[in-house]
Q: 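Sharing a structure below in structure tokens format, with a few things to ask.
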Amino acid sequence: MRDGRGTIKRKAGLKLWLSGGWLAVVAVLTLFAGWISPHDPLTQDLFASRLPPFWAAGAEPGYLLGTDSLGRDVLSRIIYGGRVALTVAIIAGLATAIVGSVLGLIAGYYRGWADAVISRLVDIWMAFPPVLFAILLIAVLGTGLWSIVIAIIVIDWTRFCRVVRAETMNQSQMDYVASAVVAGHVRSAILWREIGPNVLPTIVALLSLEMGIAVIVEAILSFVNLSISTDAPTWGGMIAEGRISIHQAWWVLVCPLIVLFLTVLAFSQFGEGLKDRFDPVLR
Amino acid sequence: MRLLQTLLMRLAMMAITLFGAAVIVFVVIRVVPGNPIAMMLPPGASDEDIARLTAHYGLDKSIPEQFFVWLGGVLHGDFGTSISLRQPVMPLVLGRLPATLELSIFALVLAVIIGGAMALTGTRFRGGRTEAVIDVANGAGLSIPDFLWALVLILTLGVLYPVFHISGRISPSLDLPFTTQFYVFESILRLRFDLWWDLLKHMFMPALALAIPLAAIIGQLLKQSLKETMHLDYVVLARTKGYGENHVILFDALRNAVLPTLTLIGVQFTFLIGGTVIIERLFSYEGLGNMAIDAVINRDLPLIQGIVLVFALLFTVVNLVVDLTYALLNPRLRHA
Amino acid sequence: MHTDASMFKVRGLELSLPDFANKQPFGRAPMVDILKGLDFDIETGSVLGIVGGSGSGKSTLGRTLVRLLEPTAGSIVFEGSDIGHLDETGLRPLRRRLQMIFQDPMSSLNPRRRVGAIIADPLRIHDLDRIDERVDEALDHVGLPRAFRARYPHELSGGQRQRVGIARAIAMRPDFILADEIVSGLDVSSQAQVLNLLENLVRELGLTLAFISHDLSVIRRLCSQVLVLNRGTIVEYAPVEQIFDAPKSEYTRELLDAIPLPDPDQPGW
Amino acid sequence: MTAFLEIENLSAAIKGTPDRLLRSVSLHVNSGEVCGLVGESGAGKSMIGKAVLGILPSAVEIVEGQVRLDGEDLLAMPQRERRRLIGATAALIPQDPLTALNPSRRIGPQITDRLVDILGWTKHDARTRAAELLDEVHIENPQRVLASYPHELSGGMRQRVLIASAFAANPKLVIADEPTTALDVTVQKQILRLIREMQERHGTAMLFVTHDLGVVSKICQRLVVLFAGMVVEKAGVSDFYANPAHAYSKALLSATPKFTEPFTSLTPVDQTVISAVSEQVEAADREWRHAH
């Protein structure tokens with residue numbers, strides 16, 4: 001019989017392809033940055049400062065997206081900045097997902113005191129403004145990749161914990177869990193083998209979303225000058241510089257902003273698409 | 001009776017949460033490697049300076065001892081003295097709080113209006129092109145955080161078509177007659193609509209940036225629960241009674257559909273307030289968040305602690321208010 | 001009643017559950033007594049019908065028998081030993097012998113596993129041999145094609161899913177099966193099919209079965225004994241003929257009178 | 001006696017698809033008569049009631065046919081007018097008493113809103129009428145119930161309230177959509193009696209949708225059997241139970257449990273019967289496509 005499923009699948013497929021395609025492009029560009037980027041991202045050339053992008057009057061060939069106030073090539077800086085963004089997205093995203101999901105699964109399945117402790121911890125955590133918390137952590141830990149990863153785990157594990165806990169509680173009510181008990185599974189096996197796979201699509205969707213959020217957090221930290229280091233190119237750092245010279249050289253802000261915008265959008269849409277694809281009822 | 005008990009329990013929970021938050025801030029600042037005094041002082045300070053300052057801030061005592069000394073002060077309203085501004089923390093924080101509150105509340109109002117309108121329109125014209133457009137808009141609003149919306153707004157409405165101001169809270173050239181820090185509120189009371197308009201022109205973009213993600217959440221969730229409610233028998237029954245679609249949505253479906261959205265708004269509103277930290281920075285808006293970032297950059301420990309705790313208090317109060325509103329709207333809880 | 005032939009001897013069974021709906025903000029949720037002291041035996045080879053309205057505690061009773069729930073008081077003696085308060089490890093060897101078929105086949109079959117894995121999984125836990133053959137056999141028994149092993153639950157109809165639930169239970173060759181309202185979600189035509197299937201399986205495999213239902217007409221066909229439950233107490237426990245032909249309790253009579261037969265001339269309406 | 005509700009050649013389909021959910025359904029219900037509408041899930045029985053009341057899901061559209069209420073063609077009317085007409089002359093008794101009352105409104109207004117807003121009664125008159133109605137459906141202490149919220153009432157009570165509300169405006173037609181399916185048998189019996197009592201007292205035409213042939217025999221004078229949105233049999237109740245004409249009806253009847261005949265009832269429906277009736281549906285579809 002015909003129903004709405006065909007169209008849902010088609011839409012999910014399109015979402016998945018567009019967002020996945022963009023992420024693949026960013027990944028390839030940053031992975032092979034050494035070969036692809038036209039200039040060194042750090043080389044300053046004060047005689048070629050604030051050159052506009054190629055379509056505007058006064059553009060120099062070779063500087064596709066123009067240069068910033070210190071004469072550094074914007075395109076090259078975006079490509080190298082992508083390295084930082086993607087590294088942070090993958091490491092921090094995965095680590096946050098693991099920490100938050102494990103705690104969420106335990107709280108949602110075992111309930112009792114474990115749930116009481118974890119839930120209270122989540123409540124306390126939710127009383128902090130995340131961005132301020134992250135900035136504070138970086139100030140204490142010092143700048144650097146690992147500080148950023150730790151800061152993201154610390155501020156965002158609750159996102160996974162809350163959602164996974166609720167979903168686990170939902171799934172635990174289902175009779176397939178009772179039937180696994182009747183079959184003779186031990187409790188831990190039921191959690192990992194029966195409930196786990198049913199919670200996984202939720203985790204995957206959140207993970208993808210979290211990677212986008214990690215990119216943003218990194219950008220925000222760079223924006224307040226608290227990221228990897230002051231001279232490495234980062235999208236957030238470029239935005240901060242572009243914000244200052246917005247009236248003189250708008251492209252220094254606009255170009256990284258568009259890339260950041262698309263990347264964050266792609267991460268979240270990729271997660272949604274994966275979730276739709278994984279959902280057995282829609283397949 | 002039930003309501004009073006709920007209130008008492010929530011207050012107890014609030015106290016626990018705040019205590020936990022205080023402990024965590026304290027621990028993060030002091031236990032994590034790195035000497036807070038070294039962080040406070042410029043590089044190259046002598047050992048003697050460090051020792052003197054350590055004793056001055058009581059940092060030579062054990063950590064639990066330090067904590068209770070600090071907590072004792074906090075309970076008396078003494079948050080210590082700001083290192084960078086050399087003033088008591090409490091009045092500094094209270095002086096900035098109104099600006100952040102006005103911004104957050106304005107953003108919340110925007111979010112409710114935009115989100116509510118999207119949900120109602122989407123429900124009224126469900127299944128059509130209008131709903132598809134609203135879904136796409138909601139999807140974009142949900143995926144992109146306030147930080148990016150703020151930048152997009154600065155570029156479009158601040159630079160390309162400069163309709164609104166992109167920095168500050170109010171134009172510096174204006175004479176301010178205000179006695180409180182609640183400028184928007186006071187400007188209305190004093191009937192100074194010129195000032196009010198100037199304030200709004202400064203507040204609009206940061207507030208909109210903060211509001212967009214929340215509006216998308218409200219739009220999506222409220223629409224979803226409205227649509228679910230529209231299939232329930234009592235709504236179907238209302239239609240067979242001869243009521244039109246608009247009446248059915250507004251008078252039969254909305255009230256019950258709002259409840260799940262309301263619980264979510266609580267948490268999301270705290271996220272919105274949390275977002276003010278970076279948004280205020282972006283728009284150079286003189287609120288608490290902007291001050292917080294300066295405090296971190298200046299390594300001003302007492303000020304950081306004070307600000308974080310005020311945020312925590314604000315968040316727990318917001319959640320409390322939402323819970324109580326929920327209880328008041330739900331007849332099951334009201335009469336049980 | 002031949003006590004020697006009893007598989008289950010249940011004495012003074014009580015169960016209370018926390019009532020979260022009326023939980024006070026401080027302290028624990030108040031306890032609600034669901035089962036209020038039940039005594040009955042289930043004879044080996046018999047089919048026991050458990051009947052009652054909503055809120056009678058029939059499903060709770062069933063879940064306590066197969067020890068998904070732990071009773072608050074009383075004993076459940078299964079083949080001579082009290083299983084009422086065994087812990088997870090103690091229950092493990094019993095799990096193979098006590099099986100259950102659930103009311104909602106959609107929720108009781110893990111949506112992410114194929115039918116073959118759903119049936120084979122319990123067999124693997126208990127280290128049974130010839131797993132593939134047993135799965136095929138079970139599918140044959142419930143009249144599903146063997147090719148269904150590769151399907152997911154959402155690809156089956158309601159009646160087919162319920163057959164998978166039955167196959168999973170009988171593949172273990174258990175001593176006892178609890179069937180909890182297994183036909184109430186089905187259309188009349190599939191209901192009759194599933195009941196006939198169950199009836200044949202009971203005969204062929206010599207199963208001992210407890211069949212929970214709110215519908216007395218379904219019980220009559222299948223069961224040898226009937227236990228009528230109302231608000232957590234046993235109202236009547238008797239052989240099926242006696243329940244239908246000469247009910248002793250007022251409540252049973254009321255239940256019988258209220259069943260609308262497909263007959264316009266039914267007296268009492 | 002005249003037919004108050006006439007459905008002629010009604011076909012419905014999911015928008016944009018050629019497959020029909022209702023296949024040229026024709027039936028009528030006379031004033032003062034209860035007509036049963038029987039079928040298994042997916043047979044389209046509820047959809048017919050929804051089509052009459054104009055509450056079909058937005059994805060379903062009527063592709064052909066007429067629905068006449070007291071001789072007036074509903075489908076030809078402007079939507080607003082049609083809504084008003086239905087509100088004034090017809091009513092629905094829904095399936096699930098738990099979801100059919102608005103949880104955040106008191107019972108009283110939920111009974112009286114139609115009288116006040118659509119029929120223009122005064123609030124006072126409407127309230128008096130509501131109390132009378134609750135009395136009619138044997139609810140003690142009507143004033144207290146009028147002031148309660150739905151969650152304060154039991155399932156059986158709520159169904160009584162819904163029946164009272166359905167009969168509030170003296171409707172000429174009541175559509176009962178599986179009104180007892182969610183209830184325990186003992187409550188079901190009381191509710192069925194009550195519906196019959198109210199229907200007889202008000203002389204209402206009633207379309208009674210159900211999957212249960214036992215229930216039909218208790219309340220209906222005539223019945224219509226549906227399979228896959230197609231009418232397979234229309235008969236008077238006594239004829240039907242003595243001797244169903246169509247093979248599918250016969251199979252359905254012998255699959256229905258009957259504890260007085262444990263070994264002849266509950267016979268599984270033979271696959272050949274299903275294929276035969278499916279073949280009949282396909283033939284009807286071919287003919288219909290040909291005609292369009």
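We name chains A, B, ... by the order of the sequence lines, and we start the count at 1 in each one. In this text, all values refer to a predicted model and were calculated from it rather than measured experimentally.
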Q: Among all residues two or more places apart in sequence or in another chain, which pass the side chain to side chain donor-acceptor pair (under 3.5 Å) test with B:T100?
A: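 For B:T100, the residues satisfying side chain to side chain donor-acceptor pair (under 3.5 Å) (neighbours in sequence not counted) are B:E280.
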
Q: I need the B:I279 CD1 to A:I220 CD1 distance, nearest 0.5 Å.
A: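 If we round to the nearest 0.5 Å, B:I279:CD1 and A:I220:CD1 are 7.5 Å apart.
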
Q: Quick check: do B:F147 and A:V131 have side-chain heavy atoms less than 4.5 Å from each other?
A: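 Sidechains of A:V131 and B:F147: no contact.
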
Q: Rounded to the nearest 0.5 Å, how far apart are CD1 of B:I154 and CZ of A:R243?
A: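 If I round to the nearest 0.5 Å, the distance is 4.5 Å.
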
Q: Using a 4.5 angstrom heavy-atom cutoff, name the option from A:I246, A:L132, A:D123, A:L253 with the most pairs to chain B.
A: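 Max contact count across the listed options: A:L132.
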
Q: What part of A:I213 gets closer than 4.5 Å to chain B, counting heavy atoms only: side chain, backbone, both or neither?
A: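 It is neither, since no heavy atom gets under 4.5 Å.
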
Q: At a 4.5 Å cut-off on heavy atoms, which part of A:F223 comes close to chain B: side chain, backbone, both, or neither?
A: side chain

Q: Measure A:I258 against the heavy atoms of chain B and call it side chain, backbone, both or neither at under 4.5 Å.
A: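 For A:I258, there is no contact with chain B at all, as no heavy atom is under 4.5 Å.
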
Q: Using side chain to side chain donor-acceptor pair (under 3.5 Å) as the criterion, list what pairs up with B:T17, not counting sequence neighbours.
A: A:R120

Q: Run B:V25 and A:F128 through side-chain contact (heavy atoms from CB on, under 4.5 Å) and show every step you take.
A: CA-CA 9 Å; B:V25 178; A:F128 294 116; 3.3 Å; yes

Q: To the nearest 0.5 Å, what is the distance between CD on A:E272 and CG on B:L142?
A: 8.0 Å

Q: Quick check for you: to the nearest 0.5 Å, what is the distance between B:I24 atom CD1 and A:W125 atom CH2?
A: 4.0 Å

